[in-house]
2 protein chains.
Amino acid sequence: MEYDISKRKAQILRAVVEAYVKGGEPVGSKYIAQNMMPNCSPATIRNEMAELEVLGYLEQPHTSAGRVPSELGYRFYVDCLAGEYKKTKAETEVMAERLRGKQHELDKILAEASRLAGSMTNYTAIAVKPRTDMSKIIRFEVMYFDSRNLVLVMLSGSGNAKTRNLRLSFDVLPTDAAHLASTLNMYIAGHTLDEITLPLMMQAEAEMGSEARLLSAAMKEIYSGMEEQSGGEIKVDGVDRLLSYPEFSDVGKLRGLLGAIESKDGILDTISNIDGDELSVVIGRENMSDSMSDSTLVVKKIKKDGKVVGAIGIIGPCRMDYANVMATVDALAESVGKMINSELRMLEGPKKGKE
Amino acid sequence: MEYDISKRKAQILRAVVEAYVKGGEPVGSKYIAQNMMPNCSPATIRNEMAELEVLGYLEQPHTSAGRVPSELGYRFYVDCLAGEYKKTKAETEVMAERLRGKQHELDKILAEASRLAGSMTNYTAIAVKPRTDMSKIIRFEVMYFDSRNLVLVMLSGSGNAKTRNLRLSFDVLPTDAAHLASTLNMYIAGHTLDEITLPLMMQAEAEMGSEARLLSAAMKEIYSGMEEQSGGEIKVDGVDRLLSYPEFSDVGKLRGLLGAIESKDGILDTISNIDGDELSVVIGRENMSDSMSDSTLVVKKIKKDGKVVGAIGIIGPCRMDYANVMATVDALAESVGKMINSELRMLEGPKKGKE
DNA sequence: TTTAGCACTCTTTTAAGTCGAGTGCTAACC
DNA sequence: GGTTAGCACTCGACTTAAAAGAGTGCTAAA
């Protein structure tokens with residue numbers, strides 16, 4: 001965290017990063033001297049840049065080209081930025097406003113927020129929804145649709161509900177549905193998959209009496225419902241935007257990144273490896289996945305009641321407009337956080353209005 | 001449908017398509033004469049090809065390059081193929097097998113089938129799930145989670161269920177949940193959004209008595225649930241595979257296509273414009289969306305009980321291995337169809353075993 | 001410590017020239 | 001008439017050479 005660098009070096013480094021991010025081409029001493037640091041001569045800048053290079057903050061694509069920030073250079077830049085990337089209050093308000101409306105389901109809010117982040121920054125956005133736990137169902141409900149179709153509703157301990165259609169090959173009555181529900185609640189609810197033993201099943205079957213076949217049809221769906229992990233998903237928005245950056249005009253690089261985005265594992269890994277709750281920036285090879293080693297990921301987790309319920313982020317080339325991206329992701333994540341937590345407050349009525 | 005073309009022309013056209021699909025480079029008369037039609041001289045082929053060009057089946061990137069099929073050329077080829085692209089029974093069986101296991105939810109089956117299609121053909125796969133209709137809710141259920149959290153289950157006329165979490169700012173009892181459910185079923189169920197008038201609401205509120213606030217909390221969720229069209233979704237798999245085809249090494253073309261895939265509207269339009277239920281191949285500009293005018297879409301709808309419940313398909317460049325893609329998509333769609341319809345049969349037990 | 005000057009390096013651009021694949025056409029052939 | 005051989009011609013792809021330009025590193029002076 002402690003970078004041992006003279007003030008002027010830092011200033012030059014910063015200038016290089018910003019110029020390079022903006023222009024996309026290696027930046028030379030002359031440019032810096034003229035545009036960003038008018039009180040230094042090119043030669044001075046050159047000397048400093050040469051030193052920054054041996055320190056590892058800058059790189060030279062080849063002799064007689066300008067300098068380009070190394071990953072370390074970006075890292076330094078980002079760390080310096082840490083304090084000052086916030087959006088203004090007004091901007092934040094605008095974003096929050098655009099998020100309103102859709103404030104119903106968490107998935108939707110996350111997706112919308114990430115989409116917004118993508119379009120505001122012109123990079124690819126991701127929304128992460130963590131796995132929801134269905135390993136223990138605490139309550140069942142059975143709805144009667146018609147004599148051959150029931151709907152099975154399963155409620156997990158964490159409050160997630162999942163529904164399954166039960167299509168039968170025999171006729172049942174509404175009372176059978178109710179009977180099934182009460183049987184399930186009595187014998188199956190509250191158990192994990194492992195705990196549902198044969199004796200338990202037999203008891204349940206006995207309870208169902210003549211409608212045991214209804215139970216077995218239901219159990220089949222329950223098994224599959226409990227086994228499958230819904231969630232752990234990433235929604236991606238705006239892959240096409242990647243193509244507007246020259247670093248991805250090389251099909252090879254693009255392909256790797258696209259693959260990584262699609263497989264999702266690497267990204268999930270990276271995100272789950274992030275410690276704090278703060279905005280985090282993963283630059284180049286800091287990423288777990290090799291195919292993302294030319295890209296940067298900016299993410300922020302979103303918490304509800306102290307628990308991580310998702311994350312939104314931006315993926316782009318290392319040469320990225322960090323200030324803007326960081327400010328946007330941070331503000332949006334913040335907004336989402338407030339929004340999903342304020343549902344409480346809103347309903348609770350006036351209460352230490354914190355705003 | 002009636003192409004007025006000599007047998008030999010058709011043969012040459014076919015040869016050109018196949019050679020071009022395989023090699024990716026304009027194919028010349030000599031190549032055809034040597035490899036595909038040994039009993040003709042290059043000159044003859046040349047003459048024929050020149051005629052095929054004025055007829056619009058072939059194109060020439062520039063003088064002194066070989067010929068390339070035009071869209072019409074591909075169309076002809078595909079139409080000719082109509083009969084003979086089927087997979088063998090054994091292959092079909094293998095695919096069906098790989099689909100088994102996941103046979104629970106339609107979404108999953110579709111997604112899995114399309115993923116399989118993509119990996120078998122090395123193109124980008126899509127799975128389409130049509131809009132599910134929630135405009136009229138025929139039945140409500142309310143599950144009691146804890147004193148401040150309920151789960152609201154809504155069942156539409158078409159049998160789709162949707163759940164919403166109801167987070168309250170006041171405490172309720174399990175009996176309140178039941179009461180809410182019966183009130184909703186009495187006053188709200190069976191109506192569309194428009195039909196829920198103020199008087200109706202007031203009646204319902206009166207019915208709820210002191211727990212009217214519970215009703216209003218629920219109504220908020222119901223409104224949002226009914227308004228939102230879930231579904232109409234496209235799941236895409238394997239965009240990165242597009243990059244392995246030289247036609248998309250041009251970033252511009254790729255960008256358009258990626259955009260189209262992402263916005264999804266164009267694709268949905270195209271698909272919903274397809275008339276029959278058969279496998280259909282939409283080549284180049286036959287697509288609705290401009291940005292897909294260099295791509296081909298191969299889709300097949302999937303029906304259940306005579307109703308379209310989804311579709312799977314493949315997107316790739318016009319220069320596509322049509323025979324393989326068509327066979328794969330067709331067979332997979334077929335398998336999925338059988339699978340979701342056989343759930344019935346399986347449960348019904350032995351019955352005119354059709355296989 | 002900073003700066004001006006200058007030779008040097010290395011990419012990018014431009015131009016010219018060559019190569020080769022494939023065509024279209026004409027004339028001979030069956 | 002349909003088919004084939006031969007040949008001139010076209011046009012992109014590739015190669016090579018040269019010129020241009022940008023930026024550096026180093027030296028020496030301020």
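Chain naming here is simple, since letters A, B, ... match the order of the sequence lines and numbering starts at 1 in each.
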Which nucleotide, dT23(C), dT4(D), dG25(D), lies nearest any side-chain atom of Ser41(B)?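 Selected nucleotide (nearest to the side chain): dT4(D).
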Could you work out which one of dG24(C), dT3(D), dT2(C) sits closest to the side chain of Thr44(A)? dT2(C)
Taking only heavy atoms on the protein side, list every residue of residues 11-38 of chain B lying under 4.0 Å from any atom of DNA chain C, sorted numerically.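 Within this stretch, Gly28(B), Ser29(B) sit under 4.0 Å of the strand.
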Which residue, Val298(B), Val299(B), Asp79(B), forms the side-chain contact (heavy atoms from CB on, under 4.5 Å) with Val281(B)? Val298(B)
Matching residue for Thr124(B) among Val236(B), Leu297(B), Ile314(B), Leu243(B) - test: side-chain contact (heavy atoms from CB on, under 4.5 Å): Val236(B)
Quick test: give all pairs of protein nitrogen or oxygen and nucleotides 26-30 of chain C nitrogen or oxygen below 3.5 Å, distance rounded to 0.1 Å.
none

Residues in salt bridge (charged side-chain N to carboxylate O under 4.0 Å, His left out) contact with [X], at least two apart in sequence or another chain:
{"X": "Glu53(A)", "result": "Arg67(A)"}
{"X": "Asp330(B)", "result": "Lys86(B), Lys300(B)"}
{"X": "Arg115(B)", "result": "Glu112(B), Asp237(B)"}
{"X": "Lys9(A)", "result": "Glu48(A), Glu51(A)"}

Would you check if the distance from the ring center of Tyr322(A) to the ring center of Tyr74(A) is below 6.0 Å?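 Yes.
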Axis deviation across the helix from dT1(C)-dA30(D) to dC30(C)-dG1(D), five-pair ends, to the nearest 10°: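 Between the axes fitted at each end of the helix from dT1(C)-dA30(D) to dC30(C)-dG1(D) lies an angle of 20°.
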For residues 12-24 of chain B, the side-chain hydrogen bond (donor to acceptor under 3.5 Å, both in side chains) pairs (sequence neighbours left out) are Arg14(B)-Glu18(B), Glu18(B)-Tyr77(B)
Tell me every residue that passes side chain to side chain contact (heavy atoms under 4.5 Å, CB included) with [X], counting only those two or more places apart in sequence or in another chain.
{"X": "Arg46(A)", "result": "Ser29(A), Pro42(A), Ala43(A)"}
{"X": "Ala323(A)", "result": "Leu81(A), Asp321(A)"}
{"X": "Glu91(A)", "result": "Lys87(A), Thr88(A)"}

What is the separation between atom CG on Leu58(B) and atom P on dG22(C), rounded to the nearest whole Å? 15 Å
Are Val329(B) and Val325(B) packed together at the side-chain level, in the sense that at least one heavy-atom pair is separated by less than 4.5 angstrom?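 The answer is yes; the side chains approach within 4.5 Å.
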What string of B, S and - do you get for nucleotides 6-12 of chain D 5' to 3' if you count protein non-hydrogen atoms under 4.0 Å? B---BBS
